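Please read all numbers here as calculations on a predicted model, not as lab measurements.
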Amino acid sequence: MKRSKLSRRITWRVLGIILCFNTLIIGAILLFVFEVSLMNSSIRGKYVTDGIAGSLENMMYAAKTGTFNNRLEVEYNMNTPEQVFGSLEKIMEVNTHLKGCFAAFEPDYFKGHGRWFEAYAYYTDSTHIEIQQIGSPHHDYFNGVWYQRGLSLTRNDDGYLTDLYYDDSVNSSMYCSYVIPLFDRKGDRVGVYGIDIELQWLDELLHETVKEVKQGFFIDDDDSIESLDDETYFSIQILDSKGTRIAGSDSTDINILKNKQEMISKDLAMYDLLGTPYYINTSKIGHTGWTLVVLQHREMVFFWGMVLAAVILFFMSIGGIVIFIFMSRSIRRATKPLAFLSKSAREIAKGNFDTTLPTFKHNDEVAQLRDSFDTMQQSLKQYIEELKETTAAKATIMSELNVAHSIQMSMLPKTFPAFPNRKDIDLYASLTPAKAVGGDLYDFFIHDEKLFFCIGDVSGKGVPASLVMAVSRTLFRNISAHTDKPSHIVETMNVNICEGNENCMFVTLFVGVLDLATGLLRYCNAGHDAPFIGDTLLPCDSNLPVGVTTELQYTEQEAMIAPGATLFLYTDGLTEAENASQEHFGMKRITDVITTFSGSPQELIKTMITAVHQYVGDTEQSDDLTMLAFKLNR
């Protein structure tokens with residue numbers, strides 16, 4: 001196999017680290033450029049919206065002022081249609097900047113002149129004023145939104161600016177009107193007075209603003225991103241309250257505003273138009289229901305940022321190449337002495353511990369490594385001798401542990417069926433220690449037609465726990481030979497285990513005595529997990545484990561075991577069995593196995609062991625796993 005050179009690996013590793021840091025730096029710079037570009041876009045859009053909105057609000061203020069001032073002229077001269085026409089003509093002569101003005105009256109206001117009467121005065125050219133009565137069934141202004149909204153206002157309210165509408169009663173044009181109510185001398189509303197606003201100047205304002213922005217952003221038309229005739233990079237649109245385009249610097253599809261948006265900041269949002277993101281600023285125009293919209297193409301927003309990013313990447317790439325060349329040469333020269341040490345190390349690896357090591361002039365890390373090799377040579381000689389002795393001692397210990405395991409397992413009943421000559425009881429038990437020897441125990445025997453049984457778990461693992469387990473099992477056998485009261489058995493075991501218990505080891509224990517003739521179970525639980533009777537837990541009092549203190553008094557409980565019922569006992573090695581994610585097997589999985597099982601005790605325990613192994617997988621067993629189950633067959 002071809003060996004790679006250390007100098008090359010170090011070079012590439014250092015280069016990788018440098019590239020990672022450069023990437024982070026570039027990322028930070030690009031993020032900064034991105035944020036600055038968005039901020040500039042937001043500022044540019046807000047500057048434009050504020051400027052145009054200001055101009056529109058000034059226009060609206062002038063329209064409002066003029067309308068309120070001229071209303072008095074109409075209200076003082078509306079006794080006859082002729083007076084109304086004269087007032088409107090006089091208003092147009094004084095206000096030459098107006099497109100037209102009108103006064104629309106309530107039905108049959110002027111008797112003998114029909115239901116509809118709307119006087120309208122307008123300029124046909126720069127000098128001639130035309131006057132008409134345009135109210136008619138064809139032009140039924142009573143149902144117009146502008147008329148109803150204007151008539152609903154009070155004298156002190158601001159006027160109502162209509163949305164853009166088409167009116168063919170005079171010259172078939174699009175209009176926008178500002179209307180206020182008319183009052184007679186009694187203060188009653190009698191109609192609406194309003195002026196028409198010409199929006200041609202608005203288109204010119206938008207075009208001039210766009211031109212100014214483009215000249216400020218691009219050097220000239222030849223240096224722009226691409227031809228501005230091919231794609232709109234900056235656009236200004238004005239919408240009415242219904243979202244209809246009133247005016248604009250171009251014909252951009254304003255339906256972009258109806259698409260899903262992503263807010264960038266308080267003033268800036270991003271929309272998608274035909275797959276291209278546009279960044280949009282919007283502003284409500286005061287005294288109107290209009291919305292001013294400024295659209296900025298993504299390439300316009302990030303153009304200078306992309307230029308800066310390209311420059312940064314170019315110079316950092318050149319710098320990386322230069323750094324790589326000088327770094328590679330320096331590392332090769334610095335690692336050359338290691339080749340000599342590598343050759344000597346191979347000889348030592350072959351067992352030639354007397355191999356002569358090279359010497360170096362400089363007292364640097366390589367020289368220190370050479371001294372370490374020298375120390376290693378001497379240590380290896382000593383280590384090999386000690387290893388021989390340790391290996392022999394370990395073999396002896398393993399042999400003794402195997403003997404201890406055999407002795408411990410021989411202390412527990414392990415012949416099944418446990419009672420082959422009896423048909424009234426079917427019992428099975430299993431113990432799998434986590435180490436060579438463990439601290440779990442179980443035991444059972446029949447005396448005077450009563451089944452004495454116990455299951456326990458000694459705190460800790462290994463040899464100390466196995467010794468306490470052996471003592472506990474012996475105590476159970478000896479004490480239960482003289483009494484059939486589970487509480488007395490547990491209390492006596494507790495006193496004996498507490499004596500000389502300097503290591504404060506304790507045993508959780510469950511002791512039971514089952515009358516095989518009647519099915520009466522008397523039991524005492526000492527801090528152990530409650531067993532299952534059928535698919536439910538057997539009620540157990542909260543008693544402390546044995547071995548804690550000699551002053552404990554243990555309670556005794558009773559339960560009837562129905563014919564065919566199974567009692568299942570276990571240690572916490574079952575509930576706390578862990579998988580690779582360190583998640584416990586848990587009570588729910590135990591319950592699931594028990595509730596779906598109806599076989600013999602032996603089949604139940606083997607099914608439970610299979611379920612645990614499937615759950616744990618290849619994870620090393622962390623605790624002793626012990627189970628005992630029996631079925632009463634009266």
Side-chain angles (χ1 to χ4, degrees), residues 406-433 438-458 466-497 507-526 528-529 531-533 538 540 546 554 556-561 563 565-571 600-602 604-605 624-634:
S406 299
I407 294 173
Q408 184 184 27
M409 292 297 102
S410 67
M411 296 178 66
L412 303 176
K414 58 181 182 296
T415 301
F416 300 98
F419 309 106
N421 297 326
R422 302 187 68 102
K423 301 299 182 182
D424 56 348
I425 188 71
D426 184 7
L427 185 146
Y428 189 80
S430 171
L431 189 153
T432 306
D440 279 8
L441 71 142
Y442 68 84
D443 198 5
F444 54 85
F445 64 90
I446 294 178
H447 178 64
D448 293 337
E449 291 303 308
K450 295 177 181 178
L451 174 66
F452 292 76
F453 63 92
C454 74
I455 189 170
D457 185 1
V458 182
S466 70
L467 296 176
V468 177
M469 169 266 183
V471 171
S472 300
R473 187 262 179 185
T474 302
L475 287 172
F476 170 74
R477 281 275 176 155
N478 293 337
I479 298 169
S480 58
H482 302 285
T483 179
D484 61 357
K485 289 182 62 61
S487 60
H488 182 67
I489 295 172
V490 174
E491 288 174 359
T492 307
M493 290 179 66
N494 176 57
V495 172
N496 284 272
I497 292 175
V507 185
T508 65
L509 197 65
F510 185 94
V511 175
V513 177
L514 173 66
D515 190 325
L516 298 175
T518 64
L520 176 62
L521 172 66
R522 290 177 294 138
Y523 58 93
C524 179
N525 182 48
H528 200 77
D529 291 324
F532 280 86
I533 179 168
L538 187 68
C540 292
V546 300
Y554 290 89
E556 185 173 308
Q557 297 172 265
E558 294 182 355
M560 291 299 297
I561 306 298
T566 299
L567 190 69
F568 177 72
L569 302 95
Y570 55 93
T571 62
S600 66
Q602 181 177 358
L604 172 60
I605 290 178
D624 303 336
L625 179 60
T626 305
M627 290 174 281
L628 185 149
F630 64 81
K631 178 186 288 188
L632 186 61
N633 297 322
R634 288 190 298 110

Original post:
Stepwise, does the side-chain contact (heavy atoms from CB on, under 4.5 Å) test hold for L431 with L412?
Top reply: CA-CA 9 Å; L431 189 153; L412 303 176; 3.6 Å; yes

**OP:** Kindly determine whether L451 and F419 satisfy side-chain contact (heavy atoms from CB on, under 4.5 Å), including the steps that lead there.
**Re:** CA-CA 11 Å; L451 174 66; F419 309 106; 4.1 Å; yes

Original post:
L632 and L516: side-chain contact (heavy atoms from CB on, under 4.5 Å), yes or no, with the steps?
Top reply: CA-CA 8 Å; L632 186 61; L516 298 175; 4.1 Å; yes

Determine whether [X] and [Y] make a side-chain contact, defined as any pair of heavy atoms from C-beta on separated by less than 4.5 Å.
X: F444; Y: P413; result: yes
X: K631; Y: S600; result: no
X: I533; Y: I561; result: yes
X: I497; Y: S472; result: yes

What's the spacing between [X] [atom1] and [Y] [atom2] if we round to 0.5 Å?
X: T566; Y: F630; atom1: OG1; atom2: CZ; result: 9.0 Å
X: F453; Y: D443; atom1: CZ; atom2: CG; result: 11.5 Å
X: F568; Y: Y428; atom1: CZ; atom2: OH; result: 12.0 Å
X: E449; Y: L514; atom1: CD; atom2: CG; result: 11.0 Å
X: R477; Y: F452; atom1: CZ; atom2: CZ; result: 11.0 Å
X: D529; Y: L569; atom1: CG; atom2: CG; result: 10.0 Å

Original post:
Between R422 and D424, is the closest basic N to carboxylate O distance under 4.0 Å?
Top reply: yes

Subject >> Those residues that, when tested against E556, pass side chain to side chain contact (heavy atoms under 4.5 Å, CB included) (two or more places apart) >> reply: K485, P486, S487, R522

Original post:
Is the backbone of L520 close enough, under 3.5 Å, to the side chain of E558 for a donor and an acceptor to pair up by distance?
Top reply: no

Subject >> Polar side-chain atom of H528 near backbone of V507 as donor-acceptor pair, under 3.5 Å >> reply: no

Original post:
For V471, which of L475, T474, V468 qualifies under side-chain contact (heavy atoms from CB on, under 4.5 Å)?
Top reply: L475

Minimum heavy-atom distance between [X] and [Y], given as atom pair plus value:
X: A429; Y: Y442; result: CB-CE1, 3.4 Å
X: T483; Y: H488; result: CG2-CD2, 3.4 Å
X: L628; Y: C454; result: CD1-O, 4.2 Å
X: S430; Y: I605; result: CB-CG2, 3.9 Å

Original post:
Quick one: which of T626, T508, T432 gives a side-chain hydrogen bond (donor to acceptor under 3.5 Å, both in side chains) with D440?
Top reply: T626

**OP:** Run the numbers on L538 and Y523 for side-chain contact (heavy atoms from CB on, under 4.5 Å), then give the verdict.
**Re:** CA-CA 10 Å; L538 187 68; Y523 58 93; 3.6 Å; yes

